[in-house]
Amino acid sequence: QVQLVESGGGLVPAGGSLRLSCAASGRTFSSYVMGWFRQAPGKEREFVAAISWRGARIYYTDSVKGRFTISRDNAKNTVYLQMNSLKPEDTAVYYCAAKSTIVEILRSTGYDYWGQGTQVTVSS
C-alpha cells in the first residue's frame, strides 16, 4: 500500500513557474514508476509525465516537453514536477500516481495508487 500526497499547487501568472511535490508513504517507493496526470474542468484526465524507478527513463506528453521536468528522490520518497513557462492551458488539478510496471504508463487506468490532487491555476 502506498499513500501519495501532492503539494505545491497555486495561482501563477502566465510565464511563471511552480514546483509540485508528491510525497509517498512506505519503504518501497523506489519500486514504483511514478507519473503525473492532470485534469481540467470538463476534460478527461491526461498524462503529463512519468519517471522510472531510478529515473533512467522519463516520458512527457508533447505539450509540456521543454517546459516541465519530472524528477525523483528515492531517499526522500518524493517525486517532483518542475513547471516553467506556464500557460493558461496548463490550468488543472494535478495528480501523482504510482504503478509497479513500466508498461502503459500513459494510461491512467494502469496506475495503482493516486494522490488527492493539487490545483494549478495559470492566469492570462
Side-chain angles (χ1 to χ4, degrees):
Q1 188 78 10
V2 176
Q3 292 186 327
L4 305 173
V5 179
E6 302 97 333
S7 61
L11 171 65
V12 294
S17 298
L18 282 174
R19 188 175 84 153
L20 305 183
S21 299
C22 174
S25 65
R27 294 179 287 181
T28 59
F29 177 73
S30 61
S31 66
Y32 290 96
V33 173
M34 299 300 298
W36 285 97
F37 287 75
R38 65 187 180 186
Q39 188 166 18
K43 295 188 176 181
E44 293 187 354
R45 191 168 297 189
E46 67 169 350
F47 171 79
V48 176
I51 186 167
S52 62
W53 307 272
R54 297 183 184 272
R57 300 188 208 178
I58 290 177
Y59 307 86
Y60 298 101
T61 191
D62 286 345
S63 62
V64 308
K65 285 180 181 177
R67 300 189 298 122
F68 291 11
T69 302
I70 188 171
S71 62
R72 67 189 296 163
D73 185 338
N74 287 343
K76 296 182 178 180
N77 283 10
T78 302
V79 62
Y80 305 97
L81 186 67
Q82 177 67 45
M83 305 186 296
N84 299 327
S85 302
L86 282 161
K87 304 175 180 180
E89 51 263 43
D90 294 318
T91 295
V93 177
Y94 283 71
Y95 300 88
C96 72
K99 70 192 311 286
S100 56
T101 66
I102 200 75
V103 296
E104 298 188 339
I105 59 169
L106 275 62
R107 298 181 61 179
S108 62
T109 53
Y111 286 76
D112 303 307
Y113 303 102
W114 290 86
Q116 83 289 350
T118 185
Q119 176 70 48
V120 171
T121 303
V122 184
S123 62
S124 57

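Quantities reported herein were computed from a predicted structural model and do not represent experimental measurements. Numbering starts at 1 and runs along the sequence shown.
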[X] and [Y]: which non-hydrogen atoms are nearest, and at how many Å?
X     : Y     : answer
Ser85 : Ser17 : N-OG, 4.3 Å
Tyr60 : Ala49 : CD2-CB, 3.6 Å
Met34 : Ala98 : SD-CB, 3.6 Å
Thr28 : Ser31 : O-OG, 2.6 Å
Ser63 : Arg38 : OG-NH2, 3.4 Å
Asp90 : Tyr94 : O-OH, 2.6 Å

Side-chain heavy atoms nearer than 4.5 Å, only ILVMFWY residues, links allowed to pass through others: does that put [X] and [Y] together?
X      : Y     : result
Leu18  : Val64 : yes
Val2   : Ile70 : yes
Tyr113 : Val79 : yes
Leu106 : Trp36 : no
Tyr95  : Tyr59 : yes

Plane angle bin for Phe37 and Tyr111 - parallel if under 30°, tilted between 30 and 60°, otherwise perpendicular: perpendicular
Reported [atom1]-to-[atom2] distance for the pair [X] and [Y], which is rounded to 0.5 angstrom:
X      : Y      : atom1 : atom2 : result
Ile105 : Ile58  : CD1   : CD1   : 10.5 Å
Leu81  : Thr118 : CG    : OG1   : 11.0 Å
Gln39  : Glu44  : CD    : CD    : 8.5 Å
Lys99  : Glu104 : NZ    : CD    : 7.0 Å

Side-chain heavy-atom pair Ile102, Trp53 within 4.5 angstrom cut-off: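 Contact flag for Ile102/Trp53 side chains = yes.
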Neighbour count above 12 (heavy atom, 6.0 Å) for Gln3 CD: no
Would you check if the side chain of [X] reaches a backbone N or O of [Y] as a donor-acceptor pair within less than 3.5 Å?
X      : Y      : result
Arg72  : Phe29  : yes
Gln116 : Val5   : no
Thr91  : Val122 : yes
Tyr80  : Thr69  : no

Reference residue Val120; test side chain to side chain contact (heavy atoms under 4.5 Å, CB included); the match among Val93, Leu20, Leu11: Leu20
Within residues 18-99 or reaching into it, pairs that qualify as disulfide bond (SG atoms under 2.5 Å apart) - sequence neighbours excluded: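 Those involving residues 18-99 are Cys22-Cys96.
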